[in-house]
K.L.:
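The structure is given below, and queries will be raised subsequently.
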Amino acid sequence: MTTLADILRGIERGVFPAPDLSVTVVPAPSDRESCVVAFTGHIVVAADVDPAWVAERIPPGDLSAPLNPPFLSALEQLTGRRVNAIDAMLLAPALVDPVERAAAVDGLTELTDHEHPRVERAWRYRDDVHVYADSYGGLVLTGVGLAGRLECALEVPEGERGKGHGRRLARAARALLPPAAHIWAQVTPGNAASTRTFLAAGYQPIGSEALLVR
């Protein structure tokens, strides 16, 4: 059976769903979340729903419908979940060169105090969360999120923004992985500054997602 994990692992290897204007329905990746994921020319609905139910609500070839309010509201009601966010997905490979890896994490300290609001939020949606701080008060978090993918998130203090710290933290996330791994980032589409940060750190846009949680 195809799963969302299969699809995401394939994308990490450079294999994308066929851009055939179709919708694929796969099981929810976990009890914690369901989602609708949009790629170029292809939609994946990862939820415990009947494919016929999905087909009834999406006009053939209309790939905007699954991420629009009518469909997402119906999916919320059917699954008993709520849409937490609609984000752009970005992906980057781990840094491999030992010198680059060392330089990227230089000055970072792993934290054991998880009371920061951004850290508490990360634990709600991810497992195996690790948090690192830089000398400017910035944070980079890594953890296992949707369908077992490795994810990162950043926090830069307001007074330190616009100075390149976010780009450095995004690049550091790539050095905190095993060399053969990939890291995903989710960015609100309207947050252009964050999008530019991740693009400058070597991440590539992959698609978009609507995450539904309890």
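FYI, side chains are in, hydrogens and waters are out, and symmetry mates aren't considered; it's all heavy atoms of this structure.
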K.L.:
Below 3.5 Å, can you tabulate the donor-acceptor pairs from side chains in residues 52-59 to any protein atom, sequence neighbours excluded?
P.N.:
{"from": "R57", "atom 1": "NH1", "to": "W53", "atom 2": "O", "distance (Å)": "2.9"}

K.L.:
About how many Å separate CG of D50 and CG of L78, when rounded to the nearest 0.5 Å?
P.N.:
9.5 Å
K.L.:
Would V129 and V131 satisfy side-chain contact (heavy atoms from CB on, under 4.5 Å), going step by step from the backbone distance to the final call?
P.N.:
CA-CA 7 Å; V129 174; V131 187; 4.0 Å; yes
K.L.:
Does G159 offer a backbone N or O that forms a donor-acceptor pair with the side chain of Y136 under 3.5 Å?
P.N.:
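A pair under 3.5 Å: no.
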K.L.:
Is it the case that the side chains of S34 and R81 hold a donor-acceptor pair, with the cut-off being a distance below 3.5 Å and no angle test?
P.N.:
yes
K.L.:
Would you mind reporting whether P17 and I7 have side-chain heavy atoms less than 4.5 Å apart?
P.N.:
yes
K.L.:
Would you check if the side chain of S30 reaches a backbone N or O of R32 as a donor-acceptor pair within less than 3.5 Å?
P.N.:
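Pair found, side chain donor or acceptor close to backbone of R32.
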K.L.:
Does either side chain, that of E76 or that of T79, offer a donor lying less than 3.5 Å from an acceptor on the other one?
P.N.:
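There is no such pair (donor and acceptor under 3.5 Å, judged by atom type) between the side chains of E76 and T79.
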K.L.:
Please examine the side chains of T142 and H130, heavy atoms only from C-beta on, and report whether any two atoms are closer than 4.5 Å.
P.N.:
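Answer yes - side chains close enough.
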K.L.:
Would the distance check show the side chain of R174 and the main-chain N or O of A201 forming a donor-acceptor pair, the cut-off being under 3.5 Å?
P.N.:
yes
K.L.:
Would you say V83 and V37 are hydrophobically clustered, going by side-chain heavy atoms of ILVMFWY under 4.5 Å?
P.N.:
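Different clusters.
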K.L.:
Do P93 and Y203 come close enough that some side-chain heavy atom pair is under 4.5 Å?
P.N.:
no
K.L.:
Is any side-chain heavy atom of I206 closer than 4.5 Å to one of F39?
P.N.:
yes
K.L.:
Looking at CZ of F198 and SG of C152, how far apart are the two atoms once the value is rounded to the nearest 0.5 Å?
P.N.:
4.5 Å
K.L.:
Per the side chain to side chain contact (heavy atoms under 4.5 Å, CB included) rule, which among L199, L90, D87 passes with V187?
P.N.:
L90
K.L.:
Is there a donor-acceptor contact under 3.5 Å linking the side chains of D20 and H42?
P.N.:
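The answer is yes; a qualifying pair exists.
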K.L.:
Any chance you could lay out the side-chain contact (heavy atoms from CB on, under 4.5 Å) test for L139 and L169, step after step, and finish with the verdict?
P.N.:
CA-CA 7 Å; L139 300 176; L169 291 172; 5.9 Å; no
K.L.:
Please round to the nearest 0.5 Å and tell me the distance separating atom CD of E151 and atom CE of M89.
P.N.:
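That separation rounds to 10.5 Å.
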K.L.:
Report yes if the side chains of I43 and T24 come closer than 4.5 Å at any heavy-atom pair, otherwise no.
P.N.:
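In short, these two side chains do not touch, never coming nearer than 4.5 Å.
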K.L.:
Can you hop from F71 to V213 via hydrophobic side chains spaced under 4.5 Å?
P.N.:
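As far as the 4.5 Å side-chain criterion goes, V213 and F71 are not connected within one cluster.
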K.L.:
Is atom CG of D31 surrounded by more than 12 heavy atoms (other residues, nucleotides or ligands) closer than 6.0 Å?
P.N.:
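It does not: D31 CG has 12 such atoms or fewer within range.
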K.L.:
Go through it in stages, so that I can follow the logic: the residues are V144 and R126, the test is side-chain contact (heavy atoms from CB on, under 4.5 Å), and I'd like the CA-CA distance, side-chain angles, deciding distance and then a yes or no.
P.N.:
CA-CA 5 Å; V144 179; R126 300 181 179 98; 5.9 Å; no
K.L.:
Would F16 and T40 count as a side-chain contact (heavy atoms from CB on, under 4.5 Å) here? Give the steps.
P.N.:
CA-CA 9 Å; F16 284 76; T40 299; over 6 Å; no
K.L.:
State whether R149 and E209 are salt-bridged, where the test is any N-O pair (Lys NZ or Arg NE/NH1/NH2 against Asp/Glu carboxylate O) under 4.0 Å.
P.N.:
yes
K.L.:
Where the side chain of N68 meets the backbone of P70, is there a donor-acceptor pair that is under 3.5 Å apart?
P.N.:
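Such a contact is absent between N68 side chain and P70 backbone.
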K.L.:
Between D48 and P27, what is the shortest heavy-atom contact and its length?
P.N.:
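So the two residues come closest at OD1-CA, 3.7 Å.
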K.L.:
What residue among V36, I86, L146 forms side chain to side chain contact (heavy atoms under 4.5 Å, CB included) with L211?
P.N.:
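Single side chain to side chain contact (heavy atoms under 4.5 Å, CB included) partner of L211 among V36, I86, L146: L146.
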K.L.:
To the closest 0.5 Å, what do you measure between CG (D6) and CD1 (I11)?
P.N.:
11.0 Å
K.L.:
L95 versus E100: any side-chain heavy-atom pair under 4.5 Å?
P.N.:
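In contact.
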K.L.:
May I ask you to test the L212-R82 pair for a side-chain heavy-atom distance under 4.5 Å?
P.N.:
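L212 vs R82: side chains apart.
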K.L.:
Within this structure, what is the CZ-OG distance for the pair R161 and S194, rounded to the nearest 0.5 Å?
P.N.:
10.0 Å
K.L.:
With sequence neighbours left out, what residues match R9 under salt bridge (charged side-chain N to carboxylate O under 4.0 Å, His left out)?
P.N.:
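Counting only residues at least two positions away or on another chain, R9 forms a salt bridge (charged side-chain N to carboxylate O under 4.0 Å, His left out) with E12.
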K.L.:
With a 4.5 Å limit on heavy-atom distance, are the side chains of Y132 and L141 in contact?
P.N.:
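No, every pair of side-chain atoms sits at 4.5 Å or beyond.
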K.L.:
Atom SG of C35 and atom CG of L4: how far apart are they, to the nearest 0.5 Å?
P.N.:
5.0 Å
